[in-house]
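Here is the structure we will look at.
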Amino acid sequence: MKNRNKLRHIIINNKEYLWNYYYDDMDFSNFPYSYYLFVPINNRKLKVSVYFKKYMPQMNLDVYTSEGTPCLYKNKPVVLNLCRPFYGGQVIEYVFKNRYKDTDIGEFKILDGDNILEQLGYSDF
């Protein structure tokens, strides 16, 4: 079994980040129920959490398969799986281009993660 608390490493636009996607399939009563955590490697004093209210994974997070949530990406059918690095990278790039700088300090919560997915071109998730 993989450790869900371990942050993963990713490089986006020649910048390094730690990240992970968290989802508790037994906690539907708490809202929002899934989120990303992003931490720039060169600035551990910045932690950004991006929360999702509409997106709900359709998979066991300990098994990284092609499963995910069917949706549209720029009006074409895709399967969205936020625990995959490709999707995490898209959201990291958006967040640090449009919301925060790598040099900011503090813990920030973005409560409209679904809007970010929509800005990236995803719909019907």
Side-chain angles (χ1 to χ4, degrees):
M1 179 179 278
K2 294 184 185 283
N3 181 353
R4 290 187 186 177
N5 293 322
K6 182 178 178 186
L7 292 176
R8 302 162 71 186
H9 180 261
I10 192 169
I11 299 172
I12 305 294
N13 297 325
N14 296 315
K15 294 184 180 181
E16 297 181 71
Y17 299 90
L18 297 174
W19 74 284
N20 209 342
Y21 175 71
Y22 298 94
Y23 171 71
D24 184 349
D25 61 354
M26 303 303 286
D27 192 10
F28 289 108
S29 62
N30 289 325
F31 191 71
Y33 47 78
S34 69
Y35 67 97
Y36 275 125
L37 175 61
F38 302 139
V39 180
I41 288 231
N42 292 330
N43 180 10
R44 305 273 177 118
K45 294 181 180 182
L46 174 62
K47 293 177 176 63
V48 178
S49 299
V50 180
Y51 289 86
F52 302 94
K53 298 173 184 171
K54 294 180 196 172
Y55 173 82
M56 182 169 55
Q58 309 276 325
M59 85 280 311
N60 176 346
L61 292 182
D62 289 333
V63 181
Y64 296 99
T65 66
S66 61
E67 296 178 53
T69 300
C71 67
L72 297 176
Y73 178 63
K74 299 183 180 179
N75 295 317
K76 294 183 181 176
V78 297
V79 177
L80 180 62
N81 183 333
L82 293 184
C83 56
R84 292 201 169 264
F86 174 78
Y87 302 108
Q90 283 186 312
V91 177
I92 287 170
E93 185 172 25
Y94 181 91
V95 165
F96 289 102
K97 181 179 180 185
N98 298 292
R99 302 280 183 104
Y100 297 101
K101 296 179 182 175
D102 291 347
T103 56
D104 289 338
I105 294 175
E107 293 188 21
F108 300 97
K109 292 183 179 182
I110 297 174
L111 300 177
D112 63 339
D114 299 308
N115 182 51
I116 291 173
L117 292 177
E118 290 167 358
Q119 293 296 315
L120 292 170
Y122 294 96
S123 62
D124 298 335
F125 45 87

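Quick caveat: nothing in here was measured; it's all calculated off a predicted structure.
Two residues are said to be in side-chain contact when any heavy atoms from C-beta on lie closer than 4.5 Å; L80 and Y73 fail this criterion. When side chains are defined from C-beta on, K15 does not count as touching N42, because their heavy atoms never get closer than 4.5 Å. Taking 4.5 Å as the limit, some side-chain heavy atom of H9 sits within range of a side-chain heavy atom of I41. For the pair L37/L7, a side-chain contact is recorded, criterion being any heavy-atom separation below 4.5 Å from C-beta on. In this structure the side chain of Q90 reaches within 4.5 angstrom of the side chain of F86, judged on heavy atoms. Between Y36 and I110, every side-chain heavy-atom pair lies at or beyond the 4.5 Å cut-off. Within the 4.5 Å cutoff, the side chain of R84 has no heavy atoms near those of the Y21 side chain.
Atom CD1 of I11 is separated from atom OH of Y17 by 11.0 Å, given to the nearest 0.5 angstrom. One distance of note links CZ of F52 with CG of L117; it measures 5.0 Å at 0.5 Å rounding. One finds the CZ atom of F108 at 11.0 Å from the OG atom of S49 (value rounded to the nearest 0.5 Å). Going from atom CD1 of I116 over to atom CD1 of I92 covers 11.5 Å, rounded to the nearest 0.5 Å. To the nearest 0.5 Å, the span separating CD1 on I12 from CZ on F96 amounts to 10.5 Å.
Contact between S123 and C71 at its shortest, heavy atoms only, is O-CB, 3.2 Å. Closest of all the heavy-atom pairs between V95 and F38 is CG2-CE1, 4.3 Å. In plain terms, the two heavy atoms of L46 and K101 that are nearest each other are CD2-O, 3.4 Å. For R8 against C83, the heavy-atom pair with the smallest separation is NH1-O, 2.6 Å. The shortest heavy-atom contact between D114 and K54 is OD2-N, 2.7 Å. Nearest heavy-atom pair across N20 and K6 is ND2-O, 2.6 Å.
Remark: the backbone N or O of I105 is not paired with any side-chain donor or acceptor of N43 at under 3.5 angstrom.
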**OP:** Start with the C-alpha distance between R99 and D112, add both sets of side-chain angles, then the distance that settles salt bridge (Lys or Arg N to Asp or Glu O under 4.0 Å), and finish with yes or no.
**Re:** CA-CA 12 Å; R99 302 280 183 104; D112 63 339; 3.0 Å; yes
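In terms of hydrophobic clustering, with Ile, Leu, Val, Met, Phe, Trp and Tyr side chains grouped at heavy-atom distances under 4.5 Å, L72 and Y122 are assigned to different clusters.
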